[in-house]
Amino acid sequence: MKNKYYDLIDQSFDFPQDEFRTEDGELYFHNIPLMEIIKQYGTPLKITYLPKISSQIQRAKRLFNVAIAKNDYRGTYNYCYCTKSSHFSFVLEEALKNDINLETSSAFDINLIQELYSQGLIDKDKTIVCNGFKKDQYLENIVDLWEEGFCNVIPILDNKNEYYKLDRILSEPSESGNQKKCDCNDRMNLGIRIAAEEEPKFDFYTSRLGIRYNDIVSFYEEQIKPNPKFRFKMLHFFINTGIRDTAYYWNELAKCVNVYCDLKRVCPELDSLNIGGGFPSKVSLAATYDYEYMAEEILAQIKAICAQREVEEPNIFTEFGSFTVGESGATLYSILDQKQQNDRELWYMIDSSFITTLPDTWGINQRFIMLPINHWDCEYQRVFLGGLTCDSEDYYNADSHANAIFLPKLQKDDPLYIGFFHTGAYQESIGGYGGIQHCLIPAPKHVIIDIDEDGNYSTKLFAKEQSYKSMLKILGY
C-alpha cells in the first residue's frame, strides 16, 4: 500500500527534480543534506545557497542570447539585478561575479552602490538604472554618483517634477565653485518609465508609477531634447503581473514598443528598452513556465513592431530580482506540537512565525514550495500550519498546486522538520530584518552555503538568532 509521504509526492509530481531529491527518507536541497545543516545550526533557520544565484543569472543570459540568435535580433541583452529583492552583501557579491548591471529603488541604494565601489566589487563603468518615485535625497545621491564618475548611471523619470528637480540640482555649483562633470560624458543619461495600464481585475486602471503614454513624446521634445545636460537613452516598461503569456501582457508590450518607435524617430540617441522584471521564480513542484518561449516571443514581438515601423531594434534590459535570488533561499522550521481543534482541523505548530519570517504568505497570500525535511518514509495526513504569534492570520493552509497541505505524521521522540523553499527574495526586508518582530518573535539564524571546485559544500553563519537585548534596545529599554 502506497501511503508514505514519498509516495504522495512521487504520484503527484515529476520527482526527484533538479534541486530536490531524497535519501534514506530525508530531503536534499541542491545535494545539500538538510538534516546535517539542522543538526549543526538548529531551527528556525534561514539558508542561502549561493551557487543558485549565479546559475539563474547565467540561465537568463543564455535564454535571451539564444533568443537573439534565433530571431536575428540586432540589439544586445543586458542583465540588471534588482537590489530591492535582497540587499545582503553576500547576494550582491555572488551576483556581481556574473558581469551584470544594477537597478536601484531609493536614496540609500545609491549609498550601497558607493560601498560596492569602495570594496572593489564594481567599477564606475557599471550601468546603474535608478527607478522609483524619487525624493530630493535620492535625486541628490544620483547626481553625486554621476559627478563621482559613474558615467552610466541612468535615472528613470517617474514623473515630470523629477526632471525639473534633477535639472536644478545639476545646475547648482559645487563647493569649489565649479560643477564636476563625469569624466567620460558631458551629459547625464536619462530614461522615462511608462505608466502602464494595470490588469483589468486590478483595483485601478493605470499604474501610479511612470508618465502617461500620451505625454512622453511631447515631454521629451519640449523639455529634454533642448537641454544640453541630458542624453535620453532608455524607455522603461514594467507591469505588476510580471512577464506572462497573456493577452494583457502582449498588448501592453506592443503599446510600449510603439512608444519607443515614436521616440526613436525624434531621438536618435535613444537605443535601449527596459522591460523591467517579471520572470517568476519556481513556487511549485508542478511549475510549467516556459522561459525559452517567453524570451524568444518577447524579442520576436519587439523585432516585428520595429520592422513594421522601420526602426532599429533596441538594446534590451531586464531587471530580474525574484528570479535572481528567490530560488537560492529556504526557511526551515521544526514542528513543536500538534493540536486537534475539531474533527477536521489538525494543526502543526512551527517554532517561529510566518508573519515575521515569511511575510508574503501573510501579506499577499504567496505560496512557496513546502516539503518535510525528514520522515518521507512515514504515513502522511492533511494538516494546517500555525505560527507562534497570537495573530489569527499567522497560518499556512494551502500549497500553490492544491487547496491543502499534507505532511508526515509526527513520530514519538523524533521531531519533524519542514522547509519552505525558494524564499530568498524580499522576505527579510519586508519582515524588518534586524528590527522589531511581531510579538517579539526573534529573527532566526541565517546560514550561507557555498560549493567549492570539488563539489564539497561549506557553511558560514551570517547572523545569529536575534537576541532579546537587541530588541529591547530598539524599544528604548
Side-chain angles (χ1 to χ4, degrees), residues 1-45 47 49 281-289 327 329-354 357-358 361 365-388 394-423:
M1 182 177 180
K2 293 188 174 183
N3 60 352
K4 308 299 191 226
Y5 186 82
Y6 183 90
D7 299 325
L8 171 68
I9 298 300
D10 186 49
Q11 293 166 2
S12 303
F13 308 103
D14 182 13
F15 194 86
Q17 299 187 2
D18 290 342
E19 65 271 64
F20 299 109
R21 68 177 179 88
T22 61
E23 187 175 310
D24 298 327
E26 297 177 355
L27 184 66
Y28 284 60
F29 181 51
H30 296 291
N31 290 319
I32 305 298
L34 293 179
M35 281 303 298
E36 289 189 11
I37 304 298
I38 289 173
K39 288 175 183 176
Q40 182 176 357
Y41 293 101
T43 62
L45 182 66
I47 63 173
Y49 179 73
S281 57
K282 180 180 172 182
V283 295
S284 169
L285 294 179
T288 57
Y289 189 90
E327 295 185 22
T331 308
L332 312 183
Y333 306 106
S334 64
I335 302 302
L336 296 176
D337 202 354
Q338 65 180 17
K339 299 179 68 179
Q340 187 77 53
Q341 296 299 84
N342 58 44
D343 292 342
R344 299 183 60 188
E345 295 174 352
L346 175 65
W347 287 87
Y348 280 5
M349 305 298 293
I350 66 169
D351 58 347
S352 189
S353 163
F354 294 111
T357 55
L358 293 179
T361 64
N365 199 33
Q366 177 66 54
R367 303 293 109 179
F368 296 102
I369 295 174
M370 190 279 299
L371 294 168
I373 309 301
N374 58 345
H375 296 336
W376 281 62
D377 51 0
C378 296
E379 294 182 9
Y380 63 88
Q381 58 190 345
R382 182 180 180 181
V383 299
F384 296 82
L385 291 172
L388 288 179
D394 195 1
Y395 68 91
Y396 193 88
N397 69 337
D399 276 335
S400 57
H401 62 275
N403 190 32
I405 54 176
F406 297 90
L407 283 170
K409 294 181 178 179
L410 298 189
Q411 307 298 306
K412 186 177 181 180
D413 300 325
D414 191 2
L416 173 65
Y417 298 96
I418 64 172
F420 284 74
F421 298 92
H422 301 177
T423 62

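What you are looking at is a predicted structure, and each value in this text was computed from that prediction instead of being measured. Residue numbers run from 1 in the order of the sequence given. The figures that follow rest on heavy atoms only: side chains count, while hydrogens, waters and symmetry mates do not.
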Practice prompt. Check for a donor-acceptor pair, side chain of Asp394 on one end and backbone N or O of Phe354 on the other, with a separation under 3.5 Å.
Written response: yes
Worksheet item: Would a 4.5 Å heavy-atom cut-off, applied to side chains only, mark Leu388 and Leu336 as touching?
Response: yes
Discussion item. What I'd like to find out is whether the side chain of Phe420 reaches to under 4.5 Å of the side chain of Leu358, using heavy atoms alone.
Written reply: yes
Worksheet entry | Validation row, ring centre Phe368 to ring centre Tyr396 under 6.0 Å | no
Worksheet item: What distance separates Ile335 CD1 from Leu385 CG, expressed to the nearest 0.5 Å?
Response: 5.5 Å
Discussion item. Are Tyr417 and Thr43 packed together at the side-chain level, in the sense that at least one heavy-atom pair is separated by less than 4.5 angstrom?
Written reply: yes
Discussion item. Looking at every non-hydrogen atom in both residues, tell me the closest pair between Pro415 and Asn374 and how far apart they are.
Written reply: O-ND2, 2.9 Å
Worksheet item: So, do Leu285 and Ile369 sit near enough that their side-chain heavy atoms are less than 4.5 Å apart?
Response: yes
Worksheet entry | Sub-4.5 Å side-chain heavy-atom contact between Phe406 and Leu8 | yes
Discussion item. Over 60° means perpendicular and under 30° means parallel, so tell me whether Phe29 and His422 are parallel, tilted or perpendicular.
Written reply: tilted
Response to the item:
Pro408 and Leu416 have their tightest heavy-atom pair at O-CD2, 3.7 Å
Worksheet item: With a 4.0 Å cut-off, would you call Lys282 and Glu19 a salt bridge?
Response: yes
Worksheet item: Shortest non-hydrogen contact from Pro44 to Tyr333?
Response: CB-CD2, 4.1 Å
Fill in: No-hydrogen, no-angle side-chain donor-acceptor test under 3.5 Å, Thr331 and Thr357
no
Practice prompt. Drop me the distance from Gln11's CD to Phe13's CZ, to the nearest 0.5 angstrom.
Written response: 11.5 Å
Worksheet item: Going through the checks in order, is the side-chain contact (heavy atoms from CB on, under 4.5 Å) test met by Arg367 and Asn365?
Response: CA-CA 6 Å; Arg367 303 293 109 179; Asn365 199 33; 2.5 Å; yes
Worksheet entry | For the student: nearest non-hydrogen atoms of Leu410 and Tyr348, plus distance | N-OH, 3.5 Å
Fill in: Worked verdict on Met370 versus Ile405 for side-chain contact (heavy atoms from CB on, under 4.5 Å)
CA-CA 9 Å; Met370 190 279 299; Ile405 54 176; 4.0 Å; yes
Worksheet item: Asp414 side chain to Gln411 main-chain N or O, any donor-acceptor pair under 3.5 Å?
Response: no
Practice prompt. For this output row, return yes or no: ring centroids of Phe15 and Trp376 closer than 6.0 angstrom.
Written response: yes
Practice prompt. State, yes or no, whether a side-chain contact exists between Trp347 and Gln341 at a heavy-atom distance under 4.5 Å.
Written response: yes
Worksheet item: Roughly how far, to the nearest 0.5 Å, is CG of Leu34 from CD1 of Ile373?
Response: 4.5 Å
Worksheet item: Between Asn403 and Ala398, is there a donor-acceptor pair closer than 3.5 Å when you use the side chain of the first and the backbone of the second?
Response: no
Practice prompt. Kindly indicate, with the supporting measurements, whether the criterion side-chain contact (heavy atoms from CB on, under 4.5 Å) is fulfilled by Leu346 and Gln381.
Written response: CA-CA 9 Å; Leu346 175 65; Gln381 58 190 345; 3.4 Å; yes
Fill in: Side chains of Gln338 and Lys409, donor plus acceptor under 3.5 Å
no
Worksheet entry | Heavy-atom side-chain proximity of Glu379 to Asn3 below 4.5 angstrom | yes
Worksheet item: At what distance, to the nearest 0.5 angstrom, does OG1 of Thr423 lie from CD1 of Ile47?
Response: 8.0 Å
Worksheet item: Between CG of Leu27 and OH of Tyr5, what distance do you get to the nearest 0.5 Å?
Response: 9.0 Å
Item to complete: Flag the pair Leu371 / Leu407 as yes when at least one side-chain heavy-atom distance between them is below 4.5 Å, and no otherwise.
Response: no
Worksheet entry | Closest approach of Glu26 to Tyr28 (non-hydrogen atoms, all atoms of both residues) | O-CD1, 3.7 Å
Worksheet item: Would a line drawn from the ring center of Phe421 to the ring center of Phe20 be shorter than 6.0 Å?
Response: yes
Worksheet item: Ignoring hydrogens and geometry, is there a side-chain-to-backbone donor-acceptor pair from Gln340 to Asn342 under 3.5 Å?
Response: yes
Fill in: side-chain contact (heavy atoms from CB on, under 4.5 Å) assessment of Leu332 paired with Ile418
CA-CA 6 Å; Leu332 312 183; Ile418 64 172; over 6 Å; no
